[in-house]
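It should be emphasised that the depicted structure is a prediction, and the values quoted were computed from it without experimental measurement.
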Amino acid sequence: MRLILLGAPGSGKGTLGAMIERAYGFPRISTGDLLRRAVREGTPLGRQAEGIMARGGLVPDEVVTAIVRERIAEPDCRAGYILDGYPRTIAQAEALAVIDGGRREIVLSFEVSVESLVERLSGRIVCPACGAIYHLTRKPPAKPDLCDVCGAALQARKDDAAEIVRERIRVYESATAPLKAFYRERSDFRPVDGEGAADEVFVRTAALLDGELRRAEGGPVR
Ligand code: AP5
Ligand code: MG
């Protein structure tokens, strides 16, 4: 089994992905988090990705696919995994089918208006140490600017600046949104109303997932 979280920047892939990971036990793999870690650590990959991410563009398909291929080969992914932010182009989706084909695949597409995306990203603060996600008004930390989980100082993501958000949404519409039609034809594609509080979206998501996983029982789930 693999779960693909599809959605525009700020649609809730990271927030909902973490809730699904906790509730269902599949590891969440966020290519954005993996790339940001590489940038922080100054690895060759990080140096290649840094400028592209700062501009709101896409890191080359083969680079991201190599990261995912390595990560899903780890033992904790054997029973299933959650992909957050990958695939993001048709080429990546085709590559995924090659590097790990034959797996049952559920695609959740979080649908959120552009107004909500912009509001969410303008108030987002994140923990650079453990990746926890907050929002200044919708999900503030208990102590201002400190992570509830690990105590590190919270910060805004550099690519959440207004003009970069506009570019990321444009890139999503042109390169990633076409994946909806791609997966509608090939996989269990399920749009999710992503508006409202994260807890409400999670209830909708879990109802969908429970149904899908029940349907899969007895089938070739691995
Ligand atoms: P990535 O980190 O994946 O960014 P993104 O796709 O732009 O998505 P975000 O992380 O901004 O939003 P999200 O959907 O996770 O929302 P969140 O849960 O945080 O990628 C970053 C960059 O890396 C890319 O631009 C690209 O350069 C590169 N990259 C990554 N993967 C790549 C790939 N496969 N190929 C090529 N390049 C790649 O929520 C947002 C905010 O809303 C939070 O503050 C949250 O608290 C709040 N919120 C309010 N209500 C809700 C609700 N109902 N659900 C969830 N959150 C809510
Ligand atoms: Mg995210």
Side-chain angles (χ1 to χ4, degrees), residues 1-36 58-74 76-112 117 131 133 168-169 171-194 198 201-216 219-222:
M1 215 289 287
R2 102 172 125 238
L3 192 59
I4 293 176
L5 308 183
L6 208 58
S11 60
K13 302 180 296 296
T15 302
L16 270 298
M19 295 167 94
I20 297 167
E21 180 176 38
R22 270 197 299 278
Y24 292 86
F26 299 115
R28 176 176 68 100
I29 301 165
S30 157
T31 43
D33 286 351
L34 293 172
L35 289 165
R36 276 184 290 277
L58 291 182
V59 174
D61 292 331
E62 57 283 7
V63 173
V64 193
T65 295
I67 301 174
V68 171
R69 183 197 283 122
E70 196 179 319
R71 178 63 187 88
I72 63 181
E74 289 179 29
D76 64 330
C77 292
R78 222 169 273 152
Y81 53 86
I82 305 165
L83 291 176
D84 161 0
Y86 182 94
R88 231 172 171 97
T89 62
I90 302 277
Q92 291 179 17
E94 288 170 346
L96 177 63
V98 173
I99 62 175
D100 195 17
R103 233 180 230 279
R104 167 123 202 268
E105 190 169 66
I106 301 169
V107 181
L108 297 180
S109 177
F110 294 107
E111 306 297 336
V112 176
L117 298 176
I133 304 165
R168 286 162 58 205
I169 292 174
V171 169
Y172 170 80
E173 289 299 341
S174 66
T176 308
L179 281 176
K180 294 187 201 179
F182 178 92
Y183 279 124
R184 209 173 277 126
E185 283 178 11
R186 290 169 182 78
S187 301
D188 291 318
F189 176 85
R190 302 285 176 263
V192 179
D193 174 4
V201 180
F202 180 71
V203 169
R204 293 196 275 275
T205 306
L208 254 171
L209 268 183
D210 289 344
E212 289 297 332
L213 294 175
R214 254 198 313 276
R215 219 159 59 81
V221 186
R222 59 175 186 118

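- For the pair Met1/Leu213, a side-chain contact is recorded, criterion being any heavy-atom separation below 4.5 Å from C-beta on.
- Listed by chain and number, the residues in a salt bridge (charged side-chain N to carboxylate O under 4.0 Å, His left out) with Glu94 amount to none (sequence neighbours excluded).
- Here Leu108 contributes atom CG and Phe189 contributes atom CZ; the two are 9.5 Å apart, rounded to the nearest 0.5 Å.
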**Q.** Pair Leu96-Glu105, side chain to side chain contact (heavy atoms under 4.5 Å, CB included): steps then yes or no
**A.** CA-CA 11 Å; Leu96 177 63; Glu105 190 169 66; 4.1 Å; yes
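- Judged as a salt bridge (charged side-chain N to carboxylate O under 4.0 Å, His left out), and not counting sequence neighbours, the contacts of Arg71 are Glu74, Asp76.
- With sequence neighbours left out, the side-chain contact (heavy atoms from CB on, under 4.5 Å) criterion links Leu34 to Ile29, Arg37, Ile67.
- Note that CD of Glu185 is 15.0 Å distant from NZ of Lys180, once rounded to the nearest 0.5 Å.
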**Q.** Ile106/Leu208 under side chain to side chain contact (heavy atoms under 4.5 Å, CB included): CA gap, chis, key distance, verdict
**A.** CA-CA 10 Å; Ile106 301 169; Leu208 254 171; over 6 Å; no
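- The distance from the CG atom of Leu35 to the OG atom of Ser30 is 8.0 Å, given to the nearest 0.5 Å.
- Taking the side-chain contact (heavy atoms from CB on, under 4.5 Å) definition, one finds that Val63 meets it with Leu45, Gln48, Val59, Pro60, sequence neighbours left out.
- Here the CD1 atom belonging to Ile82 is positioned 5.5 Å from the CD1 atom belonging to Ile20, to the nearest 0.5 angstrom.
- Qualifying side-chain contact (heavy atoms from CB on, under 4.5 Å) partners for Ala91, counting only residues two or more places apart in sequence or in other chains: Asp61, Thr89.
- Within the 4.5 Å cutoff, the side chain of Phe26 has no heavy atoms near those of the Leu3 side chain.
- Residues that satisfy the side-chain hydrogen bond (donor to acceptor under 3.5 Å, both in side chains) test with Thr31, not counting sequence neighbours, are absent from this structure.
- Although no hydrogens or angles enter the test, the distance criterion places a donor-acceptor pair under 3.5 Å between the side chain of Arg204 and the main chain of Asp193.
- When the side-chain hydrogen bond (donor to acceptor under 3.5 Å, both in side chains) test is applied to Glu70, no partner is found at least two apart in sequence or on another chain.
- Listed by first then second residue, pairs satisfying side chain to side chain donor-acceptor pair (under 3.5 Å) with a partner in residues 5-24 read Tyr24-Asp210, not counting sequence neighbours.
- Between the side chain of Thr65 and the backbone N or O of Gln92, no donor-acceptor pair lies under 3.5 Å.
- Looking at residues two or more places apart in sequence or on another chain, you find a side-chain contact (heavy atoms from CB on, under 4.5 Å) between Ala93 and Pro87, Leu179, Phe182, Tyr183.
- To the nearest 0.5 Å, the span separating CG on Leu16 from CZ on Arg28 amounts to 10.5 Å.
- Taking each heavy atom of Tyr86 and Ala95 in turn, the nearest pair found is OH-CB, 4.2 Å.
- The structure places CG of Leu117 at 5.0 Å from CD1 of Ile169, a figure rounded to the nearest 0.5 Å.
- A pairwise comparison of heavy atoms in Cys77 and Ile72 identifies CB-O, 3.5 Å as the closest pair.
- By the side-chain hydrogen bond (donor to acceptor under 3.5 Å, both in side chains) test, Glu212 is found to be paired with Arg104, Arg190, Arg215, residues two or more places apart in sequence or in another chain being considered.
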